Amino acid sequence: MSVEENILEWKRLAEMDLVTAQRIFELHRPMPHEIICFHSQQAAEKILKCFLVHNSIMPPKTHDLQQLVDMCAEIESTFNTLDKEAELLSEYGVLPRYPTELELEELDSETALKYADKIYEFVNGFVFH
């Protein structure tokens, strides 16, 4: 796979997660907040990794969005504006997928989608301008 194909594949996977989270939010009742939040986190993770690949950096195998944002900020300092979103979404990388005390509500799903969309659009502006 060429570098360009790899970049496009990261974007495709990120978009697939984001669209999945959005459609589940819109259509599924009762709303599975854990799944929406998980796919939102995954969308943000994959688009951040897309930016790293775009800048010739092999992304680490991590679900820690803050680590990814920090790596991106070493290339483009404005990525630091995504710290709040990265911190919240990172919680949804693994926790909602297993039995836990984490109780999510519709506001959590709305916020996760909003933050994932913000990160997606932010990165998109740098990679696919």
Side-chain angles (χ1 to χ4, degrees):
M1 177 180 297
S2 72
V3 173
E4 186 61 31
E5 289 170 329
N6 197 11
I7 293 166
L8 291 172
E9 182 64 3
W10 277 111
K11 180 184 182 192
R12 185 186 75 78
L13 294 170
E15 189 174 314
M16 190 169 34
D17 276 311
L18 188 57
V19 168
T20 297
Q22 290 167 340
R23 295 300 174 258
I24 292 171
F25 183 85
E26 293 166 2
L27 302 173
H28 201 285
R29 298 295 181 269
M31 196 178 294
H33 302 296
E34 296 81 4
I35 303 303
I36 294 166
C37 290
F38 172 74
H39 281 291
S40 296
Q41 184 281 338
Q42 286 289 291
E45 178 183 325
K46 291 169 184 165
I47 202 67
L48 289 167
K49 289 178 178 181
C50 176
F51 179 80
L52 292 172
V53 170
H54 174 73
N55 285 280
S56 303
I57 297 172
M58 176 66 92
K61 293 183 179 184
T62 184
H63 298 298
D64 183 350
L65 299 187
Q66 190 60 61
Q67 178 185 356
L68 296 173
V69 165
D70 290 346
M71 290 177 72
C72 293
E74 290 177 17
I75 300 162
E76 171 55 55
S77 64
T78 58
F79 270 81
N80 284 328
T81 63
L82 301 174
D83 286 345
K84 175 180 72 171
E85 292 80 2
E87 182 180 345
L88 177 96
L89 287 172
S90 286
E91 295 178 25
Y92 304 141
V94 178
L95 287 178
R97 305 293 290 165
Y98 298 96
T100 180
E101 298 295 316
L102 186 64
E103 291 187 28
L104 301 173
E105 300 173 353
E106 187 168 345
L107 181 59
D108 297 302
S109 291
E110 287 177 19
T111 302
L113 275 170
K114 181 175 83 172
Y115 285 5
D117 189 58
K118 179 179 178 180
I119 291 172
Y120 182 87
E121 292 301 324
F122 187 88
V123 173
N124 218 24
F126 284 102
V127 179
F128 302 99
H129 47 274

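For the single chain, residues carry numbers from 1 onward in sequence order. Note that the coordinates shown come from a computational prediction; the quantities given were computed from them, not determined experimentally.
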Would you please say whether a donor-acceptor pair under 3.5 Å links the side chains of Glu76 and Thr78?
yes
With no hydrogens and no angle check, is any side-chain donor or acceptor of His129 less than 3.5 Å from a backbone partner on Phe126?
yes
Atom pair NZ (Lys46) and OH (Tyr120), whose distance is rounded to the nearest 0.5 Å:
12.5 Å
At what distance, to the nearest 0.5 angstrom, does SG of Cys37 lie from CD of Glu105?
10.5 Å
salt_bridge(Arg23, Glu26) N-O dist < 4.0 Å
yes
For the NE2 atom of His39 and the CD atom of Glu45, what is their distance to the nearest 0.5 Å?
12.5 Å
Give, for atom CG of Asp64 and atom CE of Met71, the distance between the pair rounded to the nearest 0.5 Å.
11.0 Å
Between Leu88 and Asp108, is any pair of side-chain heavy atoms under 4.5 Å apart?
no
Note, Ile36 side chain near Leu104 side chain (heavy atom, < 4.5 Å):
no
Can you find a pair of side-chain heavy atoms, one from Lys11 and one from Ile47, that are under 4.5 Å apart?
yes
Would you check if Glu74 and Phe79 make a side-chain contact, meaning some heavy-atom pair closer than 4.5 Å?
no
Gln66 vs Val69, side-chain contact (heavy atoms from CB on, under 4.5 Å): CA-CA, chis, key distance, verdict:
CA-CA 5 Å; Gln66 190 60 61; Val69 165; 4.1 Å; yes
Contact summary for Cys72 and Phe51, nearest pair of heavy atoms
SG-CD2, 3.4 Å
Taking Asp117 for its side chain and Leu113 for its backbone only, find out whether a donor-acceptor pair lies under 3.5 Å.
no
Heavy atoms of Ala43 and Leu18 approach each other most closely as CB-N, 3.6 Å
Measure the CG-CD distance between Leu65 and Glu91 for me, rounded to the nearest 0.5 Å.
10.5 Å
Quick check: are there more than 12 heavy atoms from other residues, nucleotides or ligands sitting under 6.0 Å from CD of Glu110?
yes
What distance separates Leu89 CG from Leu68 CG, expressed to the nearest 0.5 Å?
11.5 Å
Report yes or no: does Gln41 contribute a side-chain atom to a donor-acceptor pair with the main-chain N or O of His63 at less than 3.5 Å?
yes
Could you check whether any side-chain heavy atom of Cys50 comes within less than 4.5 Å of a side-chain heavy atom of Phe128, counting everything from C-beta outward?
yes
In the single-linkage hydrophobic clustering (I, L, V, M, F, W, Y; side-chain heavy atoms under 4.5 Å), do Leu48 and Ile57 co-cluster?
yes
Can you tell if the side chain of Glu106 reaches within under 4.5 Å of the side chain of Phe25, non-hydrogen atoms only?
yes
Is there a path of hydrophobic side-chain contacts, each under 4.5 Å between heavy atoms of I, L, V, M, F, W or Y residues, that connects Val3 with Val127?
yes
Are any of the side-chain nitrogens in Arg12 or Glu9 under 4.0 Å away from the carboxylate oxygens of its partner?
yes
Considering all heavy atoms of both residues, which atom of His54 and which atom of Ile7 are nearest to each other, and what is their separation?
CA-CD1, 3.5 Å
Could you check whether any side-chain heavy atom of Val19 comes within less than 4.5 Å of a side-chain heavy atom of Gln22, counting everything from C-beta outward?
yes
Hey, is the main chain of Pro30 close enough, under 3.5 Å, to the side chain of His28 for a donor-acceptor pair?
yes
